[in-house]
Structure formats: structure tokens, C-alpha cells
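In what follows, a single structure is set out as C-alpha cells and then discussed.
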Amino acid sequence: MQILLIHSDYIEYETKRSTPVAEKIEDSLKKGRMEEAVAVFVAVERDDEGNIEYATCKAFEEIKKVAEQVKTNRIMLYPYAHLSSSLASPKAAVDTLKKLEGLLKEAEFEVKRAPFGWYKSFTIKCKGHPLSELSRTIRAGEKKCAAVVKEKEEVVSEALKSEAKATSYWYILTPRGELIKPDDFDFSGHGNLAKFVNYEIHKSRAVDKIPPHVELMRRLELSDYEPGSDQGNMRFYPRGRLMKSLLENYVLEEAARKGAMEVETPLMYDMNHPTLKKYLDRFPARQYSIEADKKQLFLRFAACFGQFLMNHDMTISYKNLPLKMVELTRYSFRKEQSGELVGLRRLRAFTMPDMHTLCKDMDEAIRQFNEQYNMCIDVLSDIGLDLSDYEVAIRFTRDFYEENKDFIVGLVKTVNKPVLIELWDQRFFYFVLKFEFNYIDAMDKASALSTVQIDVENAERYDIKYIDPTGEERRPLILHCSPSGAIERCMYALLEKAYMNSEKGIVPMFPVWLSPTQVRIIPVTQKHIEYAEKVAEGLDCRVDIDDREETVGKKIRDAGKEWVPYVVVVGDEEVNSGNITVTIRSESLPNKPANVKMTVQELNERASDEISGLPYRGLALAARLSARPRFM
RNA sequence: GCCGUCGUGGCUUAGCCUGGCAAAGCGGCUGAUUCGUAAUCAGCAGAUCGAGGGUUCAAAUCCCUCCGACGGCUCCA
């Protein structure tokens with residue numbers, strides 16, 4: 001916020017013409033005059049929008065200080081856009097001005113406020129003494145002022161009021177349908193669930209290690225922080241890009257298999273679009289905003305916007321339902337608080353498959369929910385995460401539960417292990433039912449992967465309708481589904497899992513279909529490279545050749561450090577026998593490689609079998625290791 | 001965003017407390033070695049000690065501000 005304070009003999013204004021953003025005012029406010037007053041010219045800036053309370057209170061303090069110094073009790077607030085080139089939205093500006101006016105009045109100042117959004121003429125007679133002209137820049141900053149603390153308490157108490165209404169009731173639901181309070185539940189044999197419940201309910205997250213996956217993502221040259229961007233925006237090296245691409249394609253193909261139509265929608269939207277504005281108001285200050293020409297734009301944080309706007313314009317018959325659309329958001333942007341960002345776990349720009357299903361009624365929504373619940377289990381399983389890696393949370397309103405008890409218990413039976421239940425007396429969010437699969441990492445932290453929600457609110461908000469058999473317009477229910485959750489987060493989970501495995505004495509690796517190199521061929525000396533090439537030609541997967549002038553021991557070690565699933569050493573023996581010796585990583589123990597003699601064809605069959613039915617791409621790097629640059 | 005800890009060649013770190021020529025390993029380059037399952041040998045290059053400011057004859061080292069990472073609070077995919 002920029003403010004300019006002028007101690008004046010008098011200030012007077014008169015409105016001339018309204019602009020499109022003008023506030024509505026009574027005629028009495030079209031002219032104003034104040035004698036012996038501090039005129040406060042104010043430009044509310046974009047930065048203030050994140051913390052209007054702070055900016056308002058800080059401005060209040062500054063004005064109060066100056067007014068006391070120049071010994072006046074009269075304040076004229078005057079909106080003055082020309083003090084800044086980075087203005088807040090008109091709505092935020094008016095809010096701020098009104099709040100500031102309120103604070104000043106509370107402090108017993110005599111306050112007048114010139115109307116916002118009008119062309120005005122004004123006359124001011126500046127006193128000209130040393131303190132009569134002052135300017136202040138207010139930035140969301142370090143110190144809290146007294147007024148902020150007071151204001152915060154009020155905000156908190158508001159939030160507490162709403163939270164009282166939305167009390168969460170926590171339970172554990174077993175596959176046998178028993179609903180048990182967490183305190184009464186015997187967690188033995190359910191260590192991860194205990195961690196998850198602890199994480200969710202008690203919010204106990206004390207940890208003193210650095211996250212293992214952060215080190216691994218760099219050591220494996222998958223991805224890294226990009227200091228040249230904003231925090232939480234990653235760079236992906238060729239290996240990481242390959243893995244990510246495979247995962248992306250996989251989820252899209254699975255969605256397509258379930259009948260979803262792939263679409264693409266814009267990354268940025270008009271902040272003042274009437275429909276979007278309402279939606280945005282539920283997620284204050286969470287998005288990146290940018291300015292283009294005169295428009296205030298925000299970057300999407302999911303694909304909902306684009307798809308719902310598309311749904312709004314579509315002509316949809318009941319015969320088209322359930323109607324599925326999917327988009328892989330590269331990227332979804334969420335301006336998370338900087339302290340929350342961690343490696344691939346929590347980002348500001350992330351890739352999320354986002355599928356929406358329009359359903360004609362609750363019965364269909366529930367059937368779809370069940371189908372997608374199962375799809376999510378299958379998707380995570382192919383990615384390399386099984387039911388022992390994540391915990392299930394199901395959250396719903398009491399009403400929904402009363403009407404669909406058997407269905408909920410059925411979901412628990414599907415996974416055949418106890419799940420965490422969160423139940424609300426009233427609907428507090430836009431959904432009545434949702435589940436997430438929460439991955440539990442090496443530091444006992446939980447992160448949501450797959451999720452499905454039954455949305456009962458946005459069809460109305462976006463005016464999405466379908467025509468029923470009688471020709472009537474009706475509102476569909478909308479399922480939100482992310483079959484895998486964020487792609488980066490899947491990579492994080494795989495890295496954390498590999499780390500935990502290595503702690504348990506299991507050799508860490510990725511699923512073969514995701515391994516950047518699937519087969520590494522190590523020629524014993526330079527003269528065996530030609531033979532290595534021949535072996536490579538017989539393999540239908542990502543094969544590379546370590547042609548560097550290093551010892552065999554070194555090359556073996558390096559292949560191990562890259563988690564290559566199959567390592568083939570070729571020397572005189574292989575050239576003579578025609579067979580190859582393969583080190584199979586998945587069957588190896590630490591310091592105990594599993595070496596198996598087989599033919600090239602046998603290895604090819606084995607590898608092809610493991611990756612069949614899953615997306616495939618060629619090597620991300622040169623086939624000869626000597627030609628590869630280092631990224632770290 | 002707030003609180004705490006940290007930031008030294010591309011990477012991992014020593015040096016910082018107690019100010020006095022910036023060290024090592026890995027990686028890179030050059031040469032020798034042509035090697036059989038977790039690191040072959042030798043040499044060379046490579047640093048604005050996160051950035052900016054201050055104190056001092058002298059700052060990687062002490063002080064301040066900012067940036068970034070990690071951890072906590074809060075939140076989520």
C-alpha cells in the first residue's frame with residue numbers, strides 16, 4: 001500500500017463522472033470538504049490482497065502517528081490510484097478503504113472518505129511545515145502491530161465459530177463395519193494407520209531429518225529446485241522428465257479406458273469473471289495472480305475452472321451421462337506458504353490429472369464413486385504403490401452416512417483394512433463424500449495421492465445442466481477425481497518407498513516400466529563394445545551401454561547407484577558362449593548380487609513381460625554413457 | 001507468512017567458536033592402464049566462501065539486511 005499524507009488547511013473534492021468500478025454513493029457524498037485535516041491519499045496494491053488486515057492496521061498506525069504529531073483529529077481518506085503501478089482489485093481496494101475508515105472512526109477520529117472509482121476534481125491547501133507532506137510504503141512484513149493482533153483475534157473467533165459448526169468426528173471403520181473411536185481402537189498390526197491418524201487428528205509432526213526423497217531426486221538426476229523461478233517450481237532432468245512423462249501418459253490412458261474425453265483448458269483466468277469470482281472467494285489468497293493489459297488474471301489451481309466453463313456451454317442429454325472429461329494439468333498452481341514447500345511432496349507448480357464426471361443423480365454418483373475408487377487402487381498399484389503403502393481416509397456428512405451406511409462399509413471391505421473416518425454434522429465444503437489415499441513416508445508424514453469427491457455445489461454455481469427424459473433441465477452431480485494424485489507426488493512416494501526399503505535391507509529400485517535405464521550393458525574392455533551393441537539390438541526396451549574407459553567394478557557400482565534393474569556384463573566369455581550374465585536387481589540382496597546366466601532372448605522376454613501393457617518411451621539420454629553430460 | 005537451524009569449486013564437506021596465503025574427497029579434463037561383478041594410478045583445471053551492506057590495517061570467520069534450503073506452526077494433491 002502506498003499512502004501520501006498532507007496536512008492541509010483544507011481539502012475539498014467533487015465527483016465528476018463514474019468509472020466502471022465506481023462504488024454506489026448517496027448524493028451527499030458527491031461533494032466533500034474538510035478543514036484543518038490530514039488528507040490521506042491511498043493506493044491499495046496487489047501485495048496487500050494477501051493480508052488486508054495487516055496493511056489496513058499498519059496504515060492506521062501511520063496515519064494515527066502523523067495526526068497526533070500535527071495535532072489534528074480530522075482525516076480525509078482519498079483513494080488515489082496513481083501512487084502505484086501495481087494496484088489491488090477494485091473490490092479489495094474498497095474493502096481496505098472501508099476497513100481503514102472503520103478503524104479510524106473507532107479511534108475517535110473525524111473521518112471522511114472520498115468515493116472510490118469516480119473521476120473527481122480536488123483542491124488542497126498544503127500547510128507547508130516540515131511534517132506536512134509525508135509518504136509511506138506499507139509492505140506485508142515482519143512485525144505485527146497492536147491493531148493487527150486485535151484484528152486477528154476477531155478473524156480467528158469468526159473461524160472458530162464456523163469450525164464449531166463443522167466439528168469433525170473421527171472414527172476407525174473396520175471391514176466388518178465396526179465404527180470405533182480412535183482412542184478405543186487397537187492399532188497393533190496397523191502401524192501406518194496409527195501414524196496417519198496421529199498425523200490427521202493430533203497433528204503431531206515432529207521430525208528432525210531431511211526428507212530422503214529430496215536427496216534421492218537429485219542424486220538420481222531426476223529433478224531439482226530451480227532457484228531462477230519461484231519456490232516450489234521444479235526443473236526436471238531427462239531421467240525425471242522421462243519418468244514423469246510415462247506416469248502422465250499412463251494415467252491419461254487409464255482415464256481414457258474408463259471413457260474420459262481428454263480436453264485442454266487455459267492456465268489463466270479472469271479474476272473478475274462473475275462465476276469464477278464466487279469460486280475463488282472460497283480459496284482466498286491461494287493463487288498466483290498476474291496482470292495483463294487491464295485484466296487481473298489468476299493461474300488455475302486445478303482443471304475445474306476450464307472444464308466447468310466448458311460444461312456450462314455444452315448441450316448435454318441424460319443419454320450422455322455419466323460424462324467424463326479429463327485433463328492433465330501441467331501445471332496446477334497453488335501459492336502455498338513458503339514454509340510448506342518440500343521437494344516433490346509439496347510444490348507451487350505441479351502436474352495433476354483432474355477428471356470430472358457428470359452424473360444424473362446420487363445413485364449414479366455413488367456407482368461412479370465406487371468404480372473410480374477401484375480404479376485408483378489399480379492405478380497406484382501399477383505405479384508401484386500398494387495397499388500397504390497408503391492409508392485410506394473417507395470423509396462425509398452425517399446425512400450421507402445415515403443414508404449410505406452399507407456403501408461406506410463396502411468401500412472399507414474393498415481395501416480389507418481399517419480406514420480413518422471423518423464425519424461432519426453439516427456440509428461444510430462443496431462435497432458430501434470424499435476419499436483420499438494417503439501415502440505415509442519415511443518421516444511418518446502423510447500426503448494425499450488419489451482422491452474422489454462428490455460435488456453437490458458447483459453444477460449450480462457454474463450453471464451446468466442436462467436434459468432429462470421428460471425434456472426438463474436438471475442439475476447433474478459432479479465427481480472430482482485425481483486417479484493418481486499429483487504426478488510429482490507419485491515420484492516422491494516411489495522415492496520414499498525405495499528409501500524405506502533400503503533401510504529394511506531391500507535393494508531400492510523403481511518399477512521396471514519407470515526405470516530410466518532398463519538394461520545396462522557393461523563391456524569388459526573396449527574391444528567388447530561391438531558385441532555389446534549386438535546384445536542391445538536384441539532387447540526391446542531402454543538399453544544403454546557403459547562404454548566409458550573405467551574398470552568393470554566401477555561400472556557395476558555406477559549401474560547400481562542408478563538402480564538399473566538388469567545389468568549385463570559382456571566379455572570374452574559371453575562372446576564365446578553366446579550367453580549373457582545378468583545381474584537381476586529385484587532378486588539381489590545388499591552386497592549379494594543375483595547373477596543369472598541366460599540368453600539375450602530370455603532377458604528380452606522377461607523385461608518385455610514386465611513392461612507390457614504400460615506406456616513406453618525410448619531412452620532419455622544418449623545410449624552410450626561416454627556421450628552423456630552430468631546434470632549435477 | 002511466522003519461529004528456529006543452516007548456506008564454502010558442479011556435488012559432499014573441513015576451516016568459522018579464538019579474524020591473518022581458502023583445504024580435501026567425488027565429479028570434469030589430460031596421460032598411463034584394457035581390466036570379469038560395489039570406487040585403477042598419476043597430473044591439471046576449477047571458488048566473488050548465497051547476495052548486499054557494516055566493523056577492522058585485515059572478514060569465509062564478527063554485526064545487520066535480503067535471498068534460498070531444512071525443521072516447526074498452518075494447509076493440501
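Every chain is numbered from 1 and lettered A, B, ... according to where its sequence line falls, protein lines coming before strand lines.
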> What nucleic acid atoms does Thr581(A) come within less than 4.0 Å of, heavy atoms only: base, sugar-phosphate, or nothing?
Replying inline: base
> If we call it a pair only when both distances are under 3.5 Å in a Watson-Crick or G-U wobble match, what pairs with rU33(B)?
Replying inline: none
> Of the nucleotides rU34(B), rC73(B), rU37(B), which has the atom closest to the Thr583(A) side chain?
Replying inline: rU37(B)
>> Side chain of Ser338(A) only, heavy atoms from C-beta on: which candidate in rA77(B), rC11(B), rG1(B) is closest?
In response: rG1(B)
> Is the shortest distance from a Lys or Arg side-chain nitrogen in Arg489(A) or Glu436(A) to a carboxylate oxygen in the other one below 4.0 Å?
Replying inline: no
> Base, sugar-phosphate, or nothing: which does Gly343(A) touch, judged by heavy atoms less than 4.0 Å apart?
Replying inline: sugar-phosphate
> With stacking defined as ring centroids separated by under 5.5 Å and planes differing by under 30°, is Tyr225(A) stacked against rG68(B)?
Replying inline: no
>> I need the NZ-C1' distance between Lys561(A) and rA39(B), as an integer number of Å.
In response: 8 Å
>> Return whichever of Met352(A) or Arg630(A) has its heavy-atom-nearest nucleotide of RNA chain B closer to the 5' end.
In response: Arg630(A)
> For the rings on Tyr373(A) and Phe437(A), is their centre-to-centre separation under 6.0 Å?
Replying inline: yes
>> At 4.0 Å (heavy atoms only), tell me whether Gly560(A) reaches a base, stays on the sugar-phosphate, or touches nothing.
In response: nothing
>> Roughly how many Å apart are rG28(B) and rU12(B), using the C1' atom of each and rounding to a whole number?
In response: 16 Å
>> Classify Glu574(A) by what it touches in the nucleic acid, base, sugar-phosphate, or nothing, heavy-atom distance under 4.0 Å.
In response: base
> How is Glu573(A) classified with respect to the nucleic acid when contacts are heavy atoms under 4.0 Å: base, sugar-phosphate, or nothing?
Replying inline: base
> Would you call Lys597(A) and Glu573(A) a salt bridge, using N to O less than 4.0 angstrom?
Replying inline: yes
> CG of Asp546(A) versus C1' of rA39(B): gap in Å, rounded?
Replying inline: 13 Å
>> Rounded to whole Å, please give me the gap between OH in Tyr199(A) and C1' in rU74(B).
In response: 10 Å
>> What contact category does Glu549(A) fall into here, base, sugar-phosphate, or nothing, at under 4.0 angstrom with non-hydrogen atoms?
In response: base
>> Heavy atoms from C-beta onward define the side chain here; which of rC11(B), rC73(B), rA38(B) lies closest to that of Arg557(A)?
In response: rA38(B)
>> Please report the distance, rounded to the nearest Å, between CD in Glu221(A) and P in rG28(B).
In response: 11 Å
> Using a cut-off of 4.0 Å on non-hydrogen atoms, how would the nucleic acid contact of Ala493(A) be classed: base, sugar-phosphate, or nothing?
Replying inline: nothing
>> Among rU12(B), rC70(B), rU37(B), which nucleotide has an atom closest to any side-chain atom of Arg218(A)?
In response: rU12(B)
> Base, sugar-phosphate, or nothing: which does Arg489(A) touch, judged by heavy atoms less than 4.0 Å apart?
Replying inline: base
>> Heavy atoms only, 4.0 Å cut-off, all strands: where does Ile529(A) land among base, sugar-phosphate and nothing?
In response: nothing
>> Strictly by Watson-Crick or wobble contacts shorter than 3.5 Å, is anything paired with rU5(B), and which nucleotide is it?
In response: rA69(B)
> Side-chain N or O of Gln337(A) less than 4.0 angstrom from OP1 or OP2 on rC2(B)?
Replying inline: no
> Can Glu221(A) and Arg628(A) be counted as an ion pair, charged N to O under 4.0 angstrom?
Replying inline: no
>> Let's test this: given Watson-Crick or G-U wobble pairing with both distances under 3.5 Å, identify the partner of rU12(B).
In response: rA24(B)
>> Is it the case that the ring center of Phe298(A) lies less than 6.0 angstrom away from the ring center of Phe305(A)?
In response: yes
> Can a side chain N or O of Thr551(A) be found less than 4.0 Å away from OP1 or OP2 on rU40(B)?
Replying inline: yes
>> Can you check the distance between rG27(B) and rC44(B), where both ends of the measurement are the C1' atom (answer in whole Å)?
In response: 14 Å
> Does Lys554(A) pair with Glu549(A) as a salt bridge, N-O distance under 4.0 Å?
Replying inline: no
> Considering only the P atoms, how many Å lie between rA38(B) and rC29(B), rounded to the nearest integer?
Replying inline: 25 Å
> With sugar-phosphate meaning primed atoms plus P, OP1 and OP2, does Leu449(A) contact a base, only sugar-phosphate, or nothing at under 4.0 Å between heavy atoms?
Replying inline: sugar-phosphate
>> Please classify the nucleic acid contact of Ser482(A) as base, sugar-phosphate, or nothing, using heavy-atom distances under 4.0 Å.
In response: nothing
> What nucleic acid atoms does Asp558(A) come within less than 4.0 Å of, heavy atoms only: base, sugar-phosphate, or nothing?
Replying inline: nothing
> In the strands shown, is rG46(B) matched to any nucleotide by a Watson-Crick or G-U wobble pair with both distances under 3.5 Å, and which?
Replying inline: none
> Do Lys258(A) and Glu371(A) meet the salt-bridge criterion of a basic N to acidic O distance under 4.0 Å?
Replying inline: no
> Which base sits across from rA39(B) as a Watson-Crick or G-U pair, both distances under 3.5 Å?
Replying inline: none
>> Once you apply a heavy-atom cut-off of 4.0 Å, does Arg219(A) come out as touching a base, just sugar-phosphate, or nothing?
In response: nothing
> Can you find a donor-acceptor N/O pair under 3.5 angstrom joining the side chain of Arg345(A) to the base of rC76(B)?
Replying inline: no
> What does rU56(B) pair with, Watson-Crick or G-U, if both distances are under 3.5 Å?
Replying inline: none
>> With rounding to the closest Å, how many angstrom separate the C1' atoms on rA23(B) and rA32(B)?
In response: 28 Å
> Any side-chain N or O of Lys434(A) under 4.0 Å from OP1/OP2 of rC76(B)?
Replying inline: no
>> Would you measure the distance from the P atom in rC49(B) across to the matching atom in rU5(B) and give it in whole Å?
In response: 24 Å
>> From CD of Glu530(A) over to C1' of rU34(B), roughly how many Å is that when rounded to an integer?
In response: 16 Å
> Could you give the CG-to-C1' distance, from Leu341(A) to rG1(B), as a whole number of Å?
Replying inline: 11 Å
>> So Val569(A), base contact, sugar-phosphate only, or nothing? Heavy-atom distance under 4.0 Å.
In response: base
> What distance, rounded to whole Å, do you find between the two C1' atoms, one in rG25(B) and one in rG9(B)?
Replying inline: 13 Å
> Of the nucleotides rG71(B), rG36(B), rU34(B), which one has an atom closest to the side chain of Val342(A)?
Replying inline: rG71(B)
>> Between the side chains of Glu562(A) and Arg239(A), is the shortest nitrogen-to-carboxylate-oxygen separation below 4.0 Å, so that they form an ion pair?
In response: yes
> Within this structure, what is the CD-to-C1' distance between Glu550(A) and rU30(B), rounded to whole angstrom?
Replying inline: 14 Å
> For the base of rG1(B), is there a side-chain donor-acceptor partner from Glu336(A) under 3.5 Å away?
Replying inline: no
> Is the His480(A)-Phe431(A) ring centre distance short of 6.0 angstrom?
Replying inline: no
> Which of these nucleotides, rC73(B), rU12(B), rC35(B), is closest to any side-chain atom of Val552(A)?
Replying inline: rC35(B)
>> In whole Å, measure the gap between the P atoms of rG7(B) and rG50(B) for me.
In response: 8 Å
> What nucleotide, of rG71(B), rC11(B), rA77(B), holds the atom closest to the side chain of Pro211(A)?
Replying inline: rG71(B)
>> Nearest heavy atom decides the nucleotide; on that basis, is Lys554(A) or Val567(A) closer to the 5' end of RNA chain B?
In response: Lys554(A)
> Does a donor on one side chain and an acceptor on the other come within less than 3.5 Å for Ser626(A) and Asp547(A)?
Replying inline: yes
>> For the P atoms, the ones on rU65(B) and on rG72(B), what distance do you get once it is rounded to whole angstrom?
In response: 25 Å
>> Without decimals, in angstroms, what is the distance between Asn595(A) CG and rA38(B) P?
In response: 9 Å
>> Side-chain N or O of Lys445(A) versus OP1/OP2 of rG72(B): is the shortest distance under 4.0 Å?
In response: yes
